[in-house]
Amino acid sequence: MNLKQMYHRMMHARTVRHQLKEYGARFEKYAYVDCQCTDREQFRASITRLYHTIEKGLAYIDFRPGFGKENIEQLLQSLHQYAEHGYDCTAEFYGAALSCLEAYISKNKAHGLDLKELEERIAQLPGASNGLGGVIEIQAPVEPEKMNFKELMSSRHSIRHFSAQRVDSDALADAVRTAQYTPSACNRQGWKTRIIQDKNTVAGILANQNGNKGFGNEIDQLIIITADLRAQQRNREVFQAYIDGGMYAANILNALHYKGIGSVPLSAALTSEQERNVRQLLAMDDAEVLILIIGVGNYPPGSILTTRSERRFEPIQTC
Ligand SMILES: Cc1cc2nc3c(=O)[nH]c(=O)nc-3n(C[C@H](O)[C@H](O)[C@H](O)COP(=O)(O)O)c2cc1C
């Protein structure tokens with residue numbers, strides 16, 4: 001390495017450290033801790049996350065009456081605090097949370113569990129249910145390959161019930177191939193795809209991921225998306241692996257839907273110990289970072305329940 005190269009290397013290292021430090025400071029300042037929110041956007045996200053956990057529980061085949069007590073308590077407190085801050089209780093997410101609680105009460109009732117006290121506490125909250133929370137009933141898509149783009153995008157849902165029938169390997173490979181058309185910074189395509197078929201490895205990975213409880217056992221195979229840091233330049237590209245990798249992962253989900261394969265994205269934001277275990281199970285290269293774990297399987301016959309996961313269609317800001 002000559003002197004000029006050494007100088008550039010040093011400068012880039014400084015840039016990276018600076019970017020990470022700035023991001024770290026911003027993250028610490030704005031991300032919320034354990035549902036303790038101080039501004040409206042934190043409340044919106046935290047309340048949505050909490051009521052979504054209830055939507056998930058309502059969608060499981062193996063319904064557990066009275067499930068999710070801790071999250072329900074946290075949700076009630078958060079809704080109360082949100083209202084106390086003087087924020088708008090006609091907001092869509094707020095009404096969706098109330099309607100999700102309503103759905104929880106009525107499903108429990110149908111299973112013989114009367115939750116009078118909870119009902120009374122919900123009645124004391126300001127605002128009104130708007131019917132936008134809870135579960136929806138869906139079926140395997142009919143001829144998804146004939147759908148137009150908008151129909152395809154809007155009919156994809158996270159699927160958490162699968163048949164025992166193995167997903168066709170060619171269809172899976174075709175979906176992955178289609179996703180290769182994802183754009184990436186300077187076409188570097190730093191992502192990597194693994195398809196995990198071995199049941200023990202699937203179970204081992206799922207045991208290290210928190211978001212598949214209640215349905216993980218129904219997943220047929222996993223697609224693991226990683227991104228290789230060797231595809232990135234040191235100046236300005238600290239987060240590029242996650243940007244390119246995230247775009248690729250989203251396209252995989254849509255391509256799977258196009259092929260009629262059910263899928264559920266599973267967060268790869270793991271604890272350090274979980275990540276160590278997953279890295280070992282997958283023999284990951286040290287240069288790789290985890291982007292997303294995707295559970296795949298065939299749709300079971302008939303209809304299934306999934307989370308409503310209402311979308312925000314807020315006005316687009318033009319400048
Ligand atoms: C990065 C990411 C991580 C996710 N992690 C989980 C998870 O761990 N468990 C789960 O059941 N769903 C998970 N989901 C699915 C979301 O809950 C779902 O995408 C969202 O509610 C929208 O619903 P839809 O996919 O049905 O449109 C995840 C989604 C994304 C994009």
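Position 1 is the first residue of the sequence, and the numbers go up from there. Counting starts at 1 for both ligands and their atoms, following the listed order. Values below: all heavy atoms of this structure, side chains included; hydrogens, waters and symmetry mates excluded.
The protein atom (non-hydrogen) at minimum distance from atom 9 (N) of ligand 1 is Gly211 O, 2.8 Å. Taking atom 27 (O) of ligand 1 as the reference point, the nearest protein heavy-atom neighbour is Arg311 NH2, 2.7 Å. Among protein heavy atoms, atom 5 (N) of ligand 1 sits closest to Ser267 N, 2.9 Å. The protein non-hydrogen atom at the shortest distance from atom 12 (N) of ligand 1 is Arg160 NH2, 3.2 Å.
Counting heavy atoms closer than 4.0 Å to ligand 1, residue Ser158 contributes atoms from both its backbone and its side chain. Only side-chain heavy atoms of Leu292 come within less than 4.0 Å of ligand 1; its backbone N, CA, C and O stay farther off. Looking at Glu310 against ligand 1, nothing comes within 4.0 Å, counting heavy atoms.
Of all atoms in ligand 1, listed by their number and element, those nearer than 4.0 Å to a heavy atom of Ser309 are 20 (C), 21 (O), 22 (C), 23 (O). The atoms of ligand 1 that sit less than 4.0 Å from any heavy atom of Lys56 are 9 (N), 10 (C), 11 (O). Against a heavy-atom cut-off of under 4.0 Å, Phe215 is close to the following atoms of ligand 1: 11 (O).
At least one heavy atom of Gln209 lies less than 4.0 angstrom from ligand 1. The closest approach between Asn212 and ligand 1 stays at or above 4.0 Å for every heavy atom of the residue.
Checking Glu137 against Ser303 by side-chain atom types alone, a donor-acceptor pair falls below 3.5 Å. At a cut-off of 3.5 Å, with distance as the only test, a side-chain donor of Thr226 or Glu288 sits close to an acceptor on the other residue.
For the residues Met153, His157, His52, the heavy atom positioned nearest atom 17 (O) of ligand 1 is part of His52. Comparing Gly214, Pro265, Gly216, Ala250 against atom 6 (C) of ligand 1, the shortest heavy-atom distance belongs to Pro265.
The aromatic rings of Phe239 and Tyr23 are tilted relative to each other, their planes meeting at an angle between 30° and 60°. Classified by interplanar angle (parallel below 30°, tilted 30° to 60°, perpendicular above 60°), the ring pair Tyr82/Tyr87 is tilted.
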Run the numbers on His161 and Phe215 for ring-ring contact (aromatic ring centres under 6.0 Å, His included), then give the verdict.
CA-CA 7 Å; His161 299 303; Phe215 65 90; 8.0 Å; no
The test is salt bridge (Lys or Arg N to Asp or Glu O under 4.0 Å); show your working for Arg156 and Glu151 and say whether it passes.
CA-CA 9 Å; Arg156 186 210 52 79; Glu151 286 166 348; over 6 Å; no
List the steps, then state whether side-chain hydrogen bond (donor to acceptor under 3.5 Å, both in side chains) holds for Gln180 with Trp191.
CA-CA 9 Å; Gln180 302 312 315; Trp191 49 70; 3.0 Å; yes
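In this structure, the side chain of Tyr248 does not engage the main chain of Gln189 through any donor-acceptor pair within 3.5 Å. Using modelled atom types, no side-chain atom of Glu145 and backbone atom of Lys259 make a donor-acceptor pair closer than 3.5 Å.
The N/O atoms of Leu266, backbone and side chain alike, include none that comes under 3.5 Å of an N/O atom in ligand 1.
Among pairs with a residue in residues 2-21, none fulfils side chain to side chain donor-acceptor pair (under 3.5 Å), at least two apart in sequence or across chains.
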